[in-house]
Amino acid sequence: MSILIAEVIVDVSTYHVDRPFDYQVPPEWESVIELGCRVKVPFGPRNVLGFIVGLKHETDVPLNKLKGITQILDMEPALTEEMLQMAKWLKNNTICYEIDALQVMLPSALRAKYEKIIKLQKNQTLPEEVQPIFGKRQQVNFKEFEREGLLPLLKQLVAENIVTIENVVKQQGNVKEIRMVQITADQQLVERALGQSSRAVKQRLLLQWMCQHLGEILSPQQICDEAGVSLSVLEAVIDKGAAQFIQEEVFRDPFTKEVSRTQALQLTDEQQVALQAINTAMEQQTAETFLLHGITGSGKTEVYLQAIQKVLNDGKEAIMLVPEISLTPQMTERFRSRFGEMVAVMHSGLSVGEKYDEWRKIQQGKVKVVVGARSAIFAPFTNIGLIILDEEHESTYKQEDSPRYHARDVAIWRSEFYKCPIILGSATPALESFARAKKGVYTLLSLKQRALHQALPTVYIADMREELRQGNRSMFSQSLIEAIRVRLEKKEQMVLFLNRRGYSSFVLCRDCGTVVQCPNCDISLTYHRTTEKLKCHYCGYEEHVPQICPQCQSDHIRYFGTGTQKVEEEIYKLFPEARVLRMDVDTTKHKGAHEEILETFGAGQADILLGTQMIAKGLDFPNITLVGVLSADTSLHLPDYRAAERTFQLLTQVSGRAGRHDKPGEVIIQTYTPEHYAIELAKTQDYEPFYEREMFLRRRSSYPPYYFVALIQLSHEDVMMAAEYAGRVADWLRENLSNQVAIIGPTTASIARLQNRYRYQCLIKYKIEPNLIPVLQRLLAMYRAEWIKQGILMTVDLDPSTI
DNA sequence: AGCACGCCGACT
DNA sequence: GTCGGCGTGCTC
């Protein structure tokens, strides 16, 4: 009979092996093995993990070269056939290795962990030098030898066959098991035990109790508590055979708090219309993409919830993506209170084990809804009825390293696979999305009214140049100070938003103007008050705050810029009675800190919530009546064609935090460029005028959505080398791409040096270029064959989120 | 990516 | 003569 051959993608992330390798499936596993299983295979001189991507009966590989699979790691395949197809699509459309595409779909717990183990052979004795390492053990980790610098000796020991080296392949996380007790005692056994000596009163008691609970599986603790005996008694009884310990799989529970159930809310007419359109698409099983454009507070979430309810009624599954953890506590709570145990969550705040368990709940069909960040788009459902991307314009939906996928694109791919609709929801859609909706590629659904008919907050623009002219050199405009005072008096809450990007505290010499910079990157160091240190946010470099200027030795050196800590201090100077809650990377480090801060604020235990990016979204508290944006400009002047769009989105999002309930809201935006259209139009929170204006500019300079862009980044330790090869890239692209394509560059990247490497980039703008991917692949081939040896590093990003 | 193989300089 | 430096090439 013919043998079974498996095609395996091995866990080695390099282009040389980015193709399936054939392995023989041992006959006894032929009925077990399935597509998508993880397997252990010999690869060259070592063992690696791999994924079965094909099964066949023939191979071109000569039989003397064909090896067999060593082990099957999954009885139930880790990857579905859909995922295998999706991985191929990802590979071709984002230019990545297939193995990376496969890995990204799995929780990190299932990734491989490789360990080298040194085993002492039987009847062999170790020389004295290595005795202390082994102690009484029969095997030790390779690293222990390495640490002691005993590698030459190890080589000798291997040669003499005293020890052997084994490569073990494990996975990073495991199923959590707890010890339970199964009560198996039959009547006879119990009687016999009871009939014995009158001693062992406690055991007798326990046995009697067990008779009432035959066949049950309980935790040891529970049995001891209920029967009123100690653990040692239970162990004694188990010894006699009246019960036995068994290992039971459990899910680690990431939810800390109970939620009460809620019912569907009454929909407004607009919401009803939107829901109806979505429901129709679900009924007709069409892969339709809806753009749900709803102003802040218009009740998009309620539309999602009711659409998902229909999915559940139809016996299907739903994926709900949210931008990042900032949304998840409030958002997941809302989902759990509506759908209870049917919900799994997936975000970066979970431990490896928790993520694995949530993933298994999805895989085993124990839940029907997943609420999660970007990677949840790969949730292993097999009957998806609806996919939702909330705040679809968020750049966190784009993964910044390989595979550089956009969750929106994956969502569309999966919706076509399952013939189900997608909802892209936003108050400020990405220009690309709105343009597609206007063209009819997406179906536009609009919510123009706030759900509770509250008025939109009034937005006031504070011209900081004017403030400066009037001698106000503080970071607060007069109007903002006044507004804060009023809120404090009225005992209402407020949110102050600091757009910190590129504007954190730095150290500047007042004599020569030197800003202390990172020695490895062209970035100024950020001052951290808590540790009295200067830190580089890009490479992690740290140093103590200098007492004198490193340039001119002056001692007139001081801190500038506005970190959240600085703002907090300023607030206390002006309003000593104010209770400020600061939410930034420093205060949200530990697990659950996010939730704690929001809860404290929600409970009214603070007047002012002060924070960065992370408070811009989702926050929904009735008592917030003022939102202050301390500096709207910081994101406006970044060298990125999306800077204006980002600023408009951000301002609209933060403004939406005010006056969501019965109290009217007010927003104060401080800026040095009040005449900029992104700021002027944020004032009226009117998306379409902004869209028209921005589209005009995009068309004029040939940027998306009119053109597609691809970004090639290149770095080298030596400036000249980096510049030279960046030039070669540009020349080569100009030669090989059609003249319809614009190639911008080479230019220095916005951070010209990072981790001691000089960075250049080329931008490709194109409309239709069928050759683009093949040409880029040839460029990459050239890079891998020659340039990489020169120390060049190059990356290609189709559809970059920042440039 | 690892790991082995292989071909050249400084040591016992 | 040998140990070990890291260039080159392969992995079903």
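Chain letters run A, B, ... following the sequence lines, proteins first and then strands; every chain starts at 1. This structure is a prediction, so every number in the text was calculated from the model and none was measured.
- Minimum interatomic distance between A:Gln24 and A:Leu66 (heavy atoms only, all atoms of both residues): CB-CD2, 3.9 Å.
- Protein atom CD of A:Gln103 is 13 Å distant from nucleotide atom C1' of B:dA1, rounded to whole Å.
- One can place NE2 of A:His16 at 10 Å from P of B:dA1, the figure rounded to the nearest angstrom.
- Atom-to-atom, CG of A:Asp18 to P of C:dT11 comes out at 16 Å; the value is rounded to the nearest Å.
- Applying the salt bridge (Lys or Arg N to Asp or Glu O under 4.0 Å) test to every pair with at least one member in residues 82-96 of chain A, sequence neighbours left out, gives these pairs: A:Asp18-A:Lys91, A:Glu82-A:Arg414, A:Lys91-A:Glu98.
- Residue A:Asn167 contributes atom CG, which lies 18 Å from atom P of C:dT11 at whole-angstrom precision.
- Separating the NE2 atom of A:His57 from the P atom of C:dC12 is a distance of 22 Å, rounded to the nearest angstrom.
- Within the 4.0 angstrom heavy-atom criterion, only backbone atoms of the sugar-phosphate kind lie near A:Tyr23; the bases stay farther away.
- At C:dT11, one or more side-chain N or O atoms of A:Lys65 fall inside 4.0 Å of OP1 or OP2 (strictly under the cut-off).
- At a threshold of 4.0 angstrom between heavy atoms, the contacts of A:Pro42 are confined to the sugar-phosphate backbone, with no base atom among them.
- Rounded to an integer number of Å, the gap from CG of A:Leu793 to P of B:dA1 is 10 Å.
- Judged by atom type and distance alone, A:Arg46 reaches the base of B:dA1 through a side-chain donor-acceptor pair under 3.5 Å.
- For A:Asn47 and B:dC3, the CG to C1' distance is 13 Å, given to the nearest whole Å.
- Checked against the 6.0 Å centroid threshold, A:Tyr766 and A:Tyr707 do not count as a close aromatic pair.
- Annotation: cation-pi pair A:Arg19/A:Phe21 present, NZ/CZ under 6.0 Å from the ring centroid and within 45° of its normal.
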